[in-house]
Amino acid sequence: MYTNNNSDFRIQVESGSFLIEDTTNSGADRFVIDSNGTVSVAGNLDVGAGVDVSGNITVTGTVDGVDVAALNTTVATLSSVNGSLANGV
């Protein structure tokens, strides 16, 4: 039942996955836990108390405006002499 302009949600288990579905927006899955433990969140995930990660972190795009892959290449070419950066830096 749609009561206002806010999204309405349904909780269900489907094909071994637990999901929260946005019934107002064409049944879009907003939060899914697959039977293998993978968690998928559609949209942004706002965390108020920090995030603990075990293992590697993979990102696409930039982190705070920095292309991390390009940064790794740039930093790898730097060298230091007597505690100061060399190579014109």
Side-chain angles (χ1 to χ4, degrees):
M1 175 194 309
Y2 303 110
T3 57
N4 54 32
N5 291 327
N6 294 322
S7 295
D8 293 315
F9 297 94
R10 173 176 45 217
I11 296 174
Q12 67 183 63
V13 175
E14 181 179 289
S15 301
S17 294
F18 170 86
L19 52 100
I20 298 176
E21 182 180 84
D22 183 346
T23 59
T24 310
N25 292 296
S26 302
D29 294 339
R30 299 298 185 199
F31 181 86
V32 178
I33 303 174
D34 291 327
S35 59
N36 66 4
T38 300
V39 177
S40 301
V41 179
N44 291 334
L45 176 63
D46 296 324
V47 179
V51 177
D52 297 323
V53 177
S54 298
N56 296 330
I57 298 173
T58 304
V59 298
T60 58
T62 63
V63 177
D64 283 341
V66 175
D67 183 340
V68 177
L71 178 65
N72 186 37
T73 302
T74 302
V75 172
T77 62
L78 297 177
S79 62
S80 65
V81 176
N82 298 326
S84 299
L85 288 176
N87 296 341
V89 179

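Values in this document were obtained by computation on a predicted structure and should not be read as measured data.
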Handout entry: Thr24 backbone acceptor or donor facing Ser7 side chain under 3.5 Å
Key = no
Problem - Non-hydrogen side-chain atoms of Phe31 and Val39 separated by less than 4.5 Å - result: yes
What distance separates [X] [atom1] from [Y] [atom2], expressed to the nearest 0.5 Å?
X     : Y     : atom1 : atom2 : answer
Ser17 : Asn36 : OG    : CG    : 8.0 Å
Asn6  : Asp22 : CG    : CG    : 10.5 Å
Leu19 : Phe9  : CG    : CZ    : 12.5 Å

Problem - Side-chain donor-acceptor pair present, Thr62, Asp67, cut-off under 3.5 Å - result: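 Judged by distance alone, the side chains do not pair up.
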Exercise for the section: Determine, using the 4.5 Å side-chain heavy-atom cutoff (strictly less than), whether Val32 and Val13 are members of one ILVMFWY cluster. Expected result: no
